[in-house]
4 protein chains.
Amino acid sequence: MSSNKSRPNRQRSALEPQRRRGKDRVAALMEAAAGVIAERGFESATMAEIAARAGAQIGSLYRFFPNKEALADALIYRYGEIVREAFEKIEARASALSVHDLADALLNVLFELHGESQTMVALLEARSEWSVKRNEFRRAAVQYIARILTLRAPHLRPDTVEDVAVVLLHTMKTLKALTIQQGVAINTGAPAELREMTRLYLASKFGEK
Amino acid sequence: MSSNKSRPNRQRSALEPQRRRGKDRVAALMEAAAGVIAERGFESATMAEIAARAGAQIGSLYRFFPNKEALADALIYRYGEIVREAFEKIEARASALSVHDLADALLNVLFELHGESQTMVALLEARSEWSVKRNEFRRAAVQYIARILTLRAPHLRPDTVEDVAVVLLHTMKTLKALTIQQGVAINTGAPAELREMTRLYLASKFGEK
Amino acid sequence: MSSNKSRPNRQRSALEPQRRRGKDRVAALMEAAAGVIAERGFESATMAEIAARAGAQIGSLYRFFPNKEALADALIYRYGEIVREAFEKIEARASALSVHDLADALLNVLFELHGESQTMVALLEARSEWSVKRNEFRRAAVQYIARILTLRAPHLRPDTVEDVAVVLLHTMKTLKALTIQQGVAINTGAPAELREMTRLYLASKFGEK
Amino acid sequence: MSSNKSRPNRQRSALEPQRRRGKDRVAALMEAAAGVIAERGFESATMAEIAARAGAQIGSLYRFFPNKEALADALIYRYGEIVREAFEKIEARASALSVHDLADALLNVLFELHGESQTMVALLEARSEWSVKRNEFRRAAVQYIARILTLRAPHLRPDTVEDVAVVLLHTMKTLKALTIQQGVAINTGAPAELREMTRLYLASKFGEK
DNA sequence: AATGAATGAGATTTCATTCAT
DNA sequence: AATGAATGAAATCTCATTCAT
């Protein structure tokens, strides 16, 4: 059927893996996508650059991801899983944590997605009308935070909890944005201030000093 | 005919209209641009749609704004002026304000740019490496906030003041983002929570109850 | 979607086609480009017409040549190679040639690039500040001529040789221009006169009668 | 009829001539056009830049020159007149000149159009199918040179004279091109060589030593 | 006469996506 | 599966020219 006639294997190194496993390829593509999107934003990231950075061909990229949206969704999903795990860890010890530590733990969820969180932010910033997945992620994150808050402070009204969760999610995003902050001088003081603000707020909400 | 890419209009900034007609046109173009950018984000807004919405020809748009960047800069500048005025009003009565009122006043600066603030956010979110103007705006805003804080709480250390200002600016943006919140249910509780968080934080910084 | 002017393809040079199909296409595109540029001049030649004449889609043209400059460079390079070969043939038998034959051989280098030399001239005439490649070509040609002259007349001072080479290169271009001569009556006498002038000059330089 | 309502004369300096004489304006426009065309070539020169450089408005430019071609024609005509005068001066003393001096005199005709000759070259290089005037200029120049040659060497056959004239005209252009030569190092030797070549050639044609 | 705004066709370029091999 | 060529709509931008005031 498919002959190799038109692509003779001259200079094909014996050791070069000719057919990377699909999984590796997908991983490489997603990593490349994350990098490009983080650098340029979702809109400006091009499928061609993503493929190139992954050492793949554009056709290969489209084999695994039928379009750009799907790629974004896959990334969101992957990060979503990581984030979910982080939330679950916090949830497990929620009731044991001091306000201070809980605030920090939450803030660190996004923060510790080191390289990738920039991608997350870029993805979440992109015009969202197009994608359902992005909103789902937001909603899920809010739910997780709300659940954790409820565990720690069961007396809070459900309505309030959700509002607080929304605020906290934004604060998490802000922390990330603060540390990325385009260009030069990385502001070391501001993140500390943001952490303090969050602690104060949580403490107040929990009715603790 | 022949276009000349070696002598692009990249550097020229927005042209000042001389006549009544031009002034009207520029106003219409900027309003249209604000609308389209708010709706679609900066990257996805097209010059053609902007011109069309302003009832202008594409050439007319380019007469006054030599490129998309220049249009963005003009918008930033315009909103920058509005914001500056708002800050100056706050500055004038800074020492007389309660912490509560100061926090609200600051949060309202961006918030009250009603229609336009969505544009602002879109513009500020756009990949910033490209534009100097956008960063200038950020810096100026931080300076204004820092000055106001110093007036109200002269005992704060200059370093700290700047960090606090950075945090507050982000909070202002967040408030706006919360109220826009793509799509459906406008979250009424969350903004109130955010305001409360800001007040608590400021009060703590000021050493007041 | 969104175009990104901050990351233009300006620097990338022509893409090497990998497959049979691409090679044919590139050949067709270059031929079409040569034709259109020869007819209209570089500035007035449009990418659309070039693509159409090659039976290609505009996107196909841009796949291989990221911009108009790159196309020009590729053409210059191709003709440069042909010219280089011609010079090398002359070089090989330089010391054996009579003044008369050497003059003719040099004049024929450009002259015999039959169809294409018109393109060359158009390309070389285009404002040169834009392109490095074009100047490189000029410089290389001068070096070749100078080397040939030195082989044949080793007693000439290196400075002088280069100046003579510059004059000869212009004469070569002039011969071509004379035979193209826009529009009507092809002047048969003038080229002969130009050849005679060149011979006289070379003979004088070589100190031969 | 025409009131100044919309353009009040605030800050209009009393000494600033408000309405330049048409002649001055035309002169300024032509000078500006010459400059821009010399720098960028005819195709790439834009009417807007020409007007701007003349301190005029685009509408003003079009009042005097109905289109770009007309502007080119006017320039050609103007330089044509200058060239004509130069030729006539040479003609007047043609029979008294040595071959050496005649060659130099002819070469200097274009050469001494100091600033403007670059414009001439640009204009003459532009695709000519569009313009009749440009060819006329060429033809006229050839006629002048031919007449001068005939005066000095009446024994030359008319056919030959015209061919020689064509060659000489190209040599004149070449001399100019050599001295402009884009970029840095002005080749001082090459022009001298070109002059020598021309003298040798003329001397030979005239049957003189 | 002068000014500057308006026009709009057309130029270059980009890029997501599809297709043939 | 993989490769890389093809597609073509759409985006940005240019500019000669016309027009209203």
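First the proteins, then the strands, lettered A, B, ... as listed; each starts at 1. Keep in mind the model is a prediction, meaning the values are calculated, not measured.
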Practice prompt. Kindly indicate whether the side chain of B/D73, heavy atoms from C-beta on, has any atom under 4.5 Å from the side chain of B/Y77.
Written response: no
Is a donor-acceptor pair below 3.5 Å formed from side chain C/R19 to base F/dA5, judging by atom type as modelled?
no
query = Heavy atoms under 4.0 Å, any strand shown: does A/F64 hit a base, just sugar-phosphate, or nothing?
reply = sugar-phosphate
Among the nucleotides F/dA16, F/dG4, E/dT17, whichever has the atom closest to the side chain of D/M47 is F/dA16
Assert: residue with more 5' nearest nucleotide on DNA chain E, out of C/A48 and A/G59, is C/A48
Is the shortest side-chain N to carboxylate O distance from D/E39 to D/R53 below 4.0 Å? yes
Ion pair check, B/K133 and B/E69, cut-off under 4.0 Å: no
* Would the number of heavy atoms belonging to other residues, nucleotides or ligands and lying under 6.0 Å from NZ of A/K68 be above 12? -> yes
Residue pairs passing the salt bridge (Lys or Arg N to Asp or Glu O under 4.0 Å) test with at least one member in residues 27-36 of chain D, sequence neighbours excluded, are none
Q.
By the 4.0 Å heavy-atom rule, please label B/A45 as base, sugar-phosphate, or nothing.
A. sugar-phosphate
Closest of F/dA6, E/dA5, E/dT17 to the D/I58 side chain is E/dA5
Between CZ of A/R40 and P of E/dC15 the distance, given in whole Å, is 10 Å
One should read off an interatomic distance between D/I37 CD1 and D/S44 OG, to the nearest 0.5 angstrom, of 11.0 Å
Rounded to whole Å, CZ of C/F65 lies from C1' of E/dT14 at a distance of 18 Å
message: If you compare every side-chain N and O of B/Q57 against the phosphate oxygens of E/dA6 (OP1, OP2), does one of them come in below 4.0 Å?
response: no
Interatomic distance, CZ@D/F65 vs CD1@D/I50, rounded to 0.5 Å, equals 9.5 Å
Of C/G22 and D/K68, the one whose closest nucleotide on DNA chain F sits nearer the 5' end is C/G22
Separation of E/dA5 atom P from B/L61 atom CG, nearest Å, is 14 Å
To the nearest angstrom, the CZ-C1' distance between C/R63 and E/dT18 comes to 13 Å
Here the distance between atom P of F/dC15 and atom CD of C/E43, to the nearest Å, is 10 Å
### Sugar-phosphate only, base, or nothing, as touched by C/R21 at under 4.0 Å among non-hydrogen atoms
sugar-phosphate
For F/dC13, take OP1 and OP2 only and decide whether either is under 4.0 Å from a side-chain N or O of B/Y62.
-> yes
note: A/L29, atom CG; F/dA1, atom P; distance rounded to Å ~ 14 Å
From CD of A/E49 across to C1' of E/dC15 the rounded distance in Å is 12 Å
Per atom distances to the C/T46 side chain, the nearest of E/dC15, E/dT12, E/dA6 is E/dT12
Cationic N near anionic O, under 4.0 Å, D/E43 to C/R40: no
Rounded to whole Å, the CG-P distance (C/L15 to F/dT3) equals 15 Å
Residue pair B/S60/C/R25 against DNA chain F: nearer the 5' end by closest nucleotide is C/R25
Of F/dT17, F/dG8, E/dT13, the nucleotide closest to the side chain of D/N67 is F/dT17
Applying the Watson-Crick and G-U criteria (both distances under 3.5 angstrom) with [ ] for crossing and | for other-strand pairs, one obtains for DNA chain F .||||||||||||||||||||
